[in-house]
Amino acid sequence: MEALAMSGRVGPTGEDVKDPDGIKKHQNHQQNSGDVLQQIMTVAAENLEDTQARKHALSCHRMKGALFDVLCEIKEKTAFSIESIKEEEEEEEEEDVPDSPNPHIIRLDNMLLAEGVVGPERGGASAPVVVMAAGALLEDGTLEQAQYRGKLAHIRQIYHAELEKYEQACKEFTNHVINLLKEQSRTRPVSPKEIERRVAIIHRKFSPIQIQLKQSTCEAIMMLRSQFLDARRQRRNFDKDTVDVLNEYFYAHLANPYPDDDDKEELARKCCMSVAQVTNWFVNKRVRYKKNVAKHLEEAKLYASVSSIGSEGSSPATPNSGGPDGEL
DNA sequence: GTCAATGATTACTG
DNA sequence: CAGTAATCATTGAC
């Protein structure tokens, strides 16, 4: 209220306030400020043109500066307590905000980081097509791995594009609100602290969108993983040339169809498959041959004639038994 | 849609 | 740890 006491020496109505009578001066002040407050109260009920005219009149008023200060002070005192209560309530309601990160969000962040969706890009992740093309020729990297990386890079791209959109929208809305508040600050007291509080509220309201984006991205990664890492869903029959090479070896070593590590590697190289796949193929072949020898006889004859080495026996033996009459 | 064939996985064994 | 047996999940011919 000091602001009012220290305000100009000329009254709003223009009369002389140098009156030595302090009571009269005080009454004048009261009446003047009452008038201005009354004008403010009636502004809301008026149409736009009247309001603009009234606003202009108010902003030109000699008492405006002093009254504005007074209103700021009152608002600081009253609104501050209300806001602080509100904030406490909001904090209680919204525990899922980034200000108080919960384990779920931490898990999402960790997964995004582990998969390289956030954080530093991993060698060419931004160029999935190149990765996919080159990936087929990489060390142990199969075409599937290259496709996995390519799709992961695509998810990364989408995530960052959406994140950018989100940040842009949040920023635009925040700026819009700040501008509105600044605009309003010409006719009503708006403290920087209030602007700060409003911005914080906007960010809190926007954060669930960001969490949803993270959640969706993680779900996409999980789906991709299950799609690519479960080989059974990826199963492809080996092509005929591959099966020919394997069958040739199998029937050529029918007495002991247990390729050693060197042979497995050689076959894997020849057939463009992994050693594990060669091992699987022989496991399946042995058991299925044994289950139906009769059915495989024709096949045995065919590959026996193809193979220059020739069959060592008509029945597969147990590993390293060496004998042609061994059992599987 | 059905079903045999087939590649991969799991539990268990020696 | 390599192998077997049983089983799963998918492919591909019909």
Side-chain angles (χ1 to χ4, degrees), chain A residues 111 114-115 128 131-155 218-328:
Chain A
M111 184 171 178
E115 291 294 334
V131 169
M132 284 174 78
L137 304 168
L138 290 175
E139 8 74 58
D140 192 33
T142 60
L143 183 64
E144 284 71 27
Q145 282 175 316
Q147 283 176 339
Y148 177 79
R149 285 204 299 274
K151 291 196 175 183
L152 196 61
H154 189 223
I155 289 174
C218 286
E219 280 168 12
I221 292 170
M222 295 293 276
M223 279 178 69
L224 188 66
R225 286 170 74 97
S226 67
Q227 188 186 340
F228 274 84
L229 300 185
D230 186 349
R232 281 185 293 199
R233 294 183 193 285
Q234 256 307 92
R235 193 177 72 78
R236 290 280 179 278
N237 289 350
F238 300 136
D239 59 36
K240 193 177 179 305
D241 291 346
T242 300
V243 176
D244 278 348
V245 171
L246 297 169
N247 269 322
E248 209 172 300
Y249 184 98
F250 181 83
Y251 287 109
H253 302 79
L254 196 56
N256 188 36
Y258 297 86
D260 59 23
D261 289 346
D262 288 342
D263 284 347
K264 281 181 190 172
E265 274 177 35
E266 173 71 9
L267 286 165
R269 196 184 52 76
K270 268 191 195 171
C271 301
C272 298
M273 57 181 12
S274 67
V275 172
Q277 283 177 306
V278 173
T279 304
N280 274 336
W281 189 90
F282 275 88
V283 166
N284 286 320
K285 187 70 187 178
R286 281 191 297 267
V287 73
R288 283 161 188 165
Y289 179 90
K290 198 189 85 174
K291 272 185 181 171
N292 197 346
V293 178
K295 201 201 85 180
H296 285 83
L297 272 178
E298 284 302 308
E299 198 179 61
K301 282 178 193 166
L302 179 68
Y303 284 103
S305 63
V306 168
S307 168
S308 57
I309 300 164
S311 168
E312 292 168 18
S314 59
S315 176
T318 47
N320 307 318
S321 69
D325 297 325
E327 290 173 9
L328 275 175

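A, B, ... follow the sequence lines: proteins, then strands. Residue 1 opens every chain.
- Rounded to an integer number of Å, the gap from CG of A:D263 to C1' of C:dA2 is 15 Å.
- Proximity of A:K290 to the phosphate of C:dA5: a side-chain N or O atom is located under 4.0 Å from OP1 or OP2.
- When side chains are defined from C-beta on, A:Y249 does not count as touching A:K264, because their heavy atoms never get closer than 4.5 Å.
- The CD-C1' distance, from A:Q277 to B:dA8, rounds to 9 Å in whole Å.
- The shortest non-hydrogen separation linking A:D260 to A:D263 is OD1-N, 2.8 Å.
- The aromatic rings of A:Y289 and A:H296 lie tilted to each other, with the angle between the two planes from 30° to 60°.
- The distance between atom NZ of A:K291 and atom P of B:dA4, rounded to the nearest whole Å, is 13 Å.
- Annotation: of the two residues near DNA chain B, A:N237 and A:N280, the 5′-most nearest-nucleotide partner is A:N237.
- Note that the CG atom of A:L254 and the NZ atom of A:K285 stand 9.5 Å from one another [nearest 0.5 Å].
- Distance from the side chain of A:F238 is smallest to B:dA8 among C:dG3, B:dT6, B:dA8.
- Between the side chain of A:R236 and the base of C:dG12 there is no donor-acceptor pair of N/O atoms closer than 3.5 Å.
- In this structure, CG of A:N284 is placed 11 Å from C1' of C:dA5, rounded to the nearest angstrom.
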Between the protein and nucleotides 12-14 of chain B, which nitrogen or oxygen pairs are less than 3.5 angstrom apart?
none

**side-chain contact (heavy atoms from CB on, under 4.5 Å) evaluation trace for A:F282 with A:L246** = CA-CA 8 Å; A:F282 275 88; A:L246 297 169; 4.0 Å; yes

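- Between C:dA5, C:dG3, C:dC8, one nucleotide has an atom nearer to the side chain of A:K264 than all others, and that is C:dG3.
- Counting only residues at least two apart or on different chains, the salt bridge (Lys or Arg N to Asp or Glu O under 4.0 Å) pairs with a member in residues 266-278 of chain A are A:E266-A:R269.
- Residue A:D261 contributes atom CG, which lies 8 Å from atom P of C:dG3 at whole-angstrom precision.
- Looking at A:M273 and A:W281, their side chains never come closer than 4.5 Å, going by heavy atoms from C-beta outward.
- A side-chain hydrogen bond (donor to acceptor under 3.5 Å, both in side chains) with A:K240 holds for exactly one of A:D244, A:N237, A:T242; it is A:D244.
- When the P atom of B:dA8 is taken as reference, atom CG of A:L246 falls 11 Å away, rounded to whole Å.
- Across the helix from B:dG1-C:dC14 to B:dG14-C:dC1, the helix axis at one end is tilted relative to the axis at the other end by 10° (nearest 10 degrees, each axis from five pairs).
- Comparing A:V283 and A:R288 by the nucleotide of DNA chain C whose heavy atom lies nearest to each, the residue mapping closer to the 5' end is A:V283.
- If you take NZ of A:K285 and P of B:dG7, they are 9 Å apart, rounded to a whole angstrom.
- Of all the heavy atoms in A:Y303 and A:E248, the pair that sits closest is CD2-N, 3.7 Å.
- Dashed line: the shortest gap from a side-chain N or O of A:Y258 to OP1 or OP2 of C:dT4 is under 4.0 Å.
- Residues A:R286 and A:F250 form a side-chain contact, since some pair of their non-hydrogen atoms from C-beta on lies under 4.5 Å apart.
- A straight line from CZ of A:R286 to P of B:dT6 spans 16 Å, rounded to a whole angstrom.
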